[in-house]
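Working notes for the structure below.
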Amino acid sequence: MSKHVFLTGPPGVGKTTLVQKACETIMSSGVIVEGFYTEEVRERGRRVGFDVVTITGERGHLSRVRDSAEASHERREYTVGQYVVDLLSFENLALPLFRNMKSAGEGGSRVFVIDEIGKMELFSKSFIRAVRETLDSSAYCVLGTIPIPKGKPLALVEEVRGRKDVKVFTVSKENRNSILPNIVSSLQECLKRTTQQGEGD
């Protein structure tokens, strides 16, 4: 039985928008939502990188387009295509969210948003560990996004996709305007299950 909901689909199809809309819907019914989104950053119409944004609106760099003048030879750089990943900034913003959720205990209905588990985020070993612990917990339901399979498989992404307790929705241009009620309904089912498990523990 599913206790987590993940969306997958090509870049730019609207996964983050759907996650945000689903969160708005369930928060209006009193569900506590924590976690983060990934948003693209544009300057003069050109994408220059990605930011991590928490549910409460805190923002930090995830990556920026490489600037040859800023190339550092002193520390290891983590890169995905033309983007340099700011691992420290990502971990400083994202990892405390996992810790806060854990320390909040198991009372009430809780959803933890992980948008996304992708190549950039997976440079962080601490993030990988935190995601696994969160998925294995019975205290909350995870609403997350994962990329579609492309090139070399990403171990944690495939692990999530193959879990028996994860319901995966594939978002496309054809269904993105109609799929939201199904996502919300699945989340509500997952929440019911996690609440029942919490009461039974």
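For clarity, every value in this text was computed on a predicted model and none was experimentally measured.
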Are [X] and [Y] packed together at the side-chain level, in the sense that at least one heavy-atom pair is separated by less than 4.5 angstrom?
| X | Y | value |
| --- | --- | --- |
| V33 | I26 | yes |
| V131 | I114 | yes |
| V48 | R42 | no |
| F50 | M120 | yes |
| R47 | V65 | no |
| Y140 | M101 | yes |
| L143 | F112 | no |

Do [X] side-chain atoms and [Y] backbone N/O form a donor-acceptor pair below 3.5 Å?
| X | Y | answer |
| --- | --- | --- |
| R176 | T17 | no |
| S137 | T134 | no |
| T79 | Y83 | no |
| E121 | G118 | yes |
| S63 | V84 | no |
| S89 | D86 | no |

- Query: Between D136 and K3, is the closest basic N to carboxylate O distance under 4.0 Å?
  - Reply: no

- Does E159 come within less than 4.0 Å of R161, counting only side-chain N to carboxylate O? no

With distance as the sole criterion, is a donor-acceptor pair present between the side chains of [X] and [Y] under 3.5 Å?
| X | Y | answer |
| --- | --- | --- |
| T16 | D115 | yes |
| E116 | T38 | no |
| S124 | S126 | no |

- What do the steps show when you test T8 against I148 for side chain to side chain contact (heavy atoms under 4.5 Å, CB included), and what is the final call? CA-CA 6 Å; T8 190; I148 51 173; 3.6 Å; yes

- Rounded to the nearest 0.5 Å, how far apart are CZ of R163 and CG of L135? 4.5 Å

- Message: So, taking the atom named CD1 in I32 and the one named CE in M27, what distance separates them when rounded to the nearest 0.5 Å?
- Response: 10.0 Å

- Query: Taking the six-membered ring of F123, is the NZ or CZ of K119 close enough (under 6.0 Å from the centre) and on axis enough (within 45°)?
  - Reply: no

- Message: Please list all pairs meeting ring-ring contact (aromatic ring centres under 6.0 Å, His included) that have one or both residues in residues 1-48, counting only residues at least two apart or in different chains.
- Response: F36-F90

- Give the C-alpha distance, both sets of side-chain angles, the deciding distance and a yes or no for side chain to side chain contact (heavy atoms under 4.5 Å, CB included) between E91 and L95. CA-CA 5 Å; E91 289 188 334; L95 296 180; 3.7 Å; yes

N/O donor-acceptor pairs under 3.5 Å from side chains in residues 177-190, not counting sequence neighbours:
residue, atom, partner, partner atom, Å
S178, OG, N175, O, 3.2
S186, OG, N182, O, 3.3
E189, OE2, K192, NZ, 3.2

